[in-house]
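What follows is a single structure, written as structure tokens, with notes after it.
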Amino acid sequence: MGERLSGGNVAIALLGNTLATGAGLVVLITMFGPLSGAHFNPAVTLAMAVRRAIKPRTAAAYIAAQVVGAVAGVWLAHAMFAEPILQVSAKLRDGPAQALSEFVATFGLLATIFGVHRFKAEFVPVAVGLYITAAYWFTASTSFANPAVTIARSLSDTFAGIAPHSAPAFIVAQLAGALCATLLFGWLLKEDPPS
């Protein structure tokens, strides 16, 4: 919709995508957090598994569901906007700056989740929505920060797409960012045992 209504103005299209994503995340995390921990992102799920907050088998099931759900979401969006359902993106997002941006985006997302959850858990949905809204604009990659989303967006030849050739570097950077945030914030937010 942002692309259709922007009249060719890429900044307006990006703003439309940004606001819809950030607002949607607040609602979805608030709604699904109490049910499943709001696991929409394989990088977050893997971080929780590394922290032993969820079991490996549960993490694997979540990741499979996340990828299937993301692809189904892209196909649903195509159907709603009368686009061909099956597409492959031609939008190249290559280079070290793009990969670094995804590292930063995902590192920051995990930092937001860990830090806010530790000090004000009820604010996590809003914090994540605000972080992703901001990260759309402060990263060169527009902050995918989610391997499932990266895979799904490779199946959409739209403004938001990513060429399949570009996706592996994004996914590696996202997982590296998540791992680094998990290690750093595991140390930084470590609670001292009671004396």
Side-chain angles (χ1 to χ4, degrees), residues 16-77 80 101-139 141-156 160 162 167 170-171 173-186 188-189 191:
N17 283 359
T18 301
L19 296 175
T21 302
L25 279 170
V26 171
V27 172
L28 291 171
I29 295 168
T30 300
M31 184 168 56
F32 289 111
L35 298 174
S36 68
H39 283 261
F40 305 124
N41 185 333
V44 175
T45 298
L46 287 171
M48 295 304 170
V50 166
R51 291 172 63 125
R52 294 190 174 95
I54 61 172
K55 294 180 180 172
R57 177 178 252 172
T58 302
Y62 278 177
I63 290 167
Q66 291 158 354
V67 173
V68 168
V71 170
V74 163
W75 289 344
L76 177 61
M80 287 191 298
S101 291
E102 281 305 295
F103 176 92
V104 169
T106 311
F107 181 94
L109 173 62
L110 270 292
T112 300
I113 292 168
F114 294 146
V116 175
H117 186 268
R118 168 76 184 278
F119 298 110
K120 194 171 173 105
E122 70 280 4
F123 194 68
V124 168
V126 174
V128 168
L130 290 172
Y131 174 78
I132 292 297
T133 299
Y136 258 85
W137 291 87
F138 72 70
T139 62
S141 61
T142 67
S143 183
F144 287 39
N146 182 327
V149 165
T150 303
I151 292 166
R153 286 170 70 169
S154 74
L155 301 174
S156 185
I162 179 172
F170 269 48
I171 293 169
Q174 291 158 357
L175 295 176
L179 178 60
C180 287
T182 301
L183 296 174
L184 177 62
F185 283 86
L188 187 62
L189 299 175
E191 293 188 42

What heavy-atom pair brings [X] and [Y] nearest, and what distance separates the two atoms?
X	Y	value
Ser141	Ser101	OG-CB, 3.3 Å
Thr21	Tyr136	OG1-OH, 2.8 Å
Tyr131	Gly108	OH-CA, 3.2 Å
Ala160	Asn17	CB-ND2, 4.2 Å
Gln174	Asn146	OE1-C, 3.4 Å
Pro125	Val26	O-CG2, 3.4 Å

Is there a side-chain contact between [X] and [Y] in this structure, where contact means two heavy atoms from C-beta onward sitting under 4.5 Å apart?
X	Y	answer
Phe107	Leu184	yes
Ile29	Phe40	yes
Val128	Leu109	yes
Thr58	His39	no
Asn41	Pro147	yes
Tyr62	Met48	no
Ile113	Phe185	no

- request: For Leu25 and Thr133, run side-chain contact (heavy atoms from CB on, under 4.5 Å): C-alpha distance rounded to whole Å, both residues' side-chain angles, the deciding distance at 0.1 Å, then the answer.
  value: CA-CA 10 Å; Leu25 279 170; Thr133 299; over 6 Å; no
query: So, Ser156 side chain and Arg153 main chain: donor-acceptor pair closer than 3.5 Å or not?
result: no
- prompt: Quick check: does any side chain N or O of Glu102 sit under 3.5 Å from a backbone N or O of Ile171, one acting as donor and the other as acceptor?
  reply: no
With rounding to the nearest 0.5 angstrom, report the [atom1] to [atom2] distance, [X] to [Y].
X	Y	atom1	atom2	result
Ile162	Leu155	CD1	CG	11.0 Å
Thr112	Leu130	OG1	CG	9.5 Å
Thr18	Trp137	OG1	CH2	5.5 Å
Thr106	Leu175	OG1	CG	8.0 Å

- request: Mind running side-chain contact (heavy atoms from CB on, under 4.5 Å) on Phe144 and Thr139 for me, showing each step along the way?
  value: CA-CA 10 Å; Phe144 287 39; Thr139 62; over 6 Å; no
